[in-house]
Amino acid sequence: MPADKPAAAPGPAERARIVGTVAQWFTTAARPLPWRDPSVGPWGVMVSEFMTQQTPVARVIEPWRAWLRRWPEPASLAAEPSSEAVAAWGRLGYPRRALRLHGAAVAIVARHGGRVPAEPEQLRALPGVGEYTAAAIASFAFGARAVVLDTNVRRVLARIDRGRQYPANSTTAAERRLAARWLPADAATAARWAASSMELGALVCTAAAPDCAHCPVAGHCRWLAAGRPAHEGPARRGQAYAGTDRQARGRLLDQLRRNRAGVETETLLGCWDVDRAQARRALDGLLADGLAHRHGELITL
DNA sequence: AAGTCGTGGTA
DNA sequence: TTACCAAGACT
């Protein structure tokens, strides 16, 4: 074979070998995340999935422990007002996730007898559960065979199979087919692949500084074989934050978290002095989303 | 289907 | 210091 011929995408046999190698690597490299403990049930897994959406795992660990201590099952959370969930969410970010998790707990009590459903379709119908989260719960909590395609797995597959530094900006149908091709036939191996491929992306095949020298499947990676070519095409859009409505909402919500008894409307608007109209917009948004509540002139969570 | 939605760590 | 980006969902 000519040395300059680009590596081809791995076939079924090589994919199976890679899956096995990553699974083996996982036995010693896996982080001892508390929700991976065998004693943790589906609800604990589900809470961890909500909390880790767009949030680094390390930041989630302590809030997760506190949450499960307070609400060890869906019914205990569902029995309290959603404002308690928003307050307990603290500074994890994207507080609507707290609202959705509360809503999911209510729905689980109403529709599933208080037990987290095992079927991806039923999971997907819960607020805050998208395709990824449904697959993750089915796989991690119930050992099901599901395509668990998160940002880590997308990057791993982009590199190993496609020879690209990064996947597309948003998940494509072609990408789902690719991930399905990688999914082992039996449930136990598939669940193992889901967890281990995510871990590989999180610890080794990282976005900014991949540690190819310590990658267990470096010898199978098209991207590495091609000399780690830089991402082509339009730059992945950044996430501007300073001065945005999001920052304003975050500021107001922070005040409401610190003052559970409530804050006068004028006082609350005053904590965002950048732009009065923006402060109003932020408050209206929080009220419309159900993250804040009005009682006359008093605003509370 | 491109925009919106928090927060904080890292290089 | 600025820019990137982290177990996404929803509209």
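As the structure is a prediction and not an experimental result, all values here were calculated from the model. Order of the sequence lines fixes the chain letters, A, B, ..., with proteins taken first and strands second; residue numbering starts at 1 for each chain.
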Salt bridge present between [X] and [Y] (N-O < 4.0 angstrom):
X	Y	value
A:R70	A:E84	yes
A:R154	A:E175	yes
A:R257	A:D254	yes

Given [options], which nucleotide is nearest the side-chain atoms of [X]?
X	options	result
A:D150	C:dC10, C:dG8, C:dC5	C:dG8
A:R155	B:dG6, C:dA6, C:dC10	C:dA6
A:Y94	B:dG6, C:dA9, C:dA7	B:dG6
A:Y241	B:dT7, C:dA7, C:dC10	B:dT7
A:R257	B:dC5, C:dG8, B:dT7	B:dT7

Under-3.5 Å donor-acceptor pair between A:R59 side chain and B:dT7 base: yes
Has the side chain of A:T55 got a donor or acceptor that lies under 3.5 Å from a partner of the other kind on the base of B:dG6? yes
For A:R258 and B:dT7, what is the distance between atoms CZ and P respectively, to the nearest whole Å? 11 Å
A:L200 CG to C:dA7 P: how many Å, rounded? 13 Å
Which residue lies toward the 5' end of DNA chain B, A:R96 or A:R91, if each is placed at its nearest nucleotide? A:R96
Go nucleotide by nucleotide along DNA chain B from the 5' end; which of A:S170 and A:D254 gets its closest nucleotide reached first? A:S170
Pair A:W272, A:Q278: side-chain N/O donor-acceptor within cut-off below 3.5 Å: yes
Using the P atom as the reference point in each nucleotide, state the distance between C:dA7 and B:dA2 in Å, no decimals. 24 Å
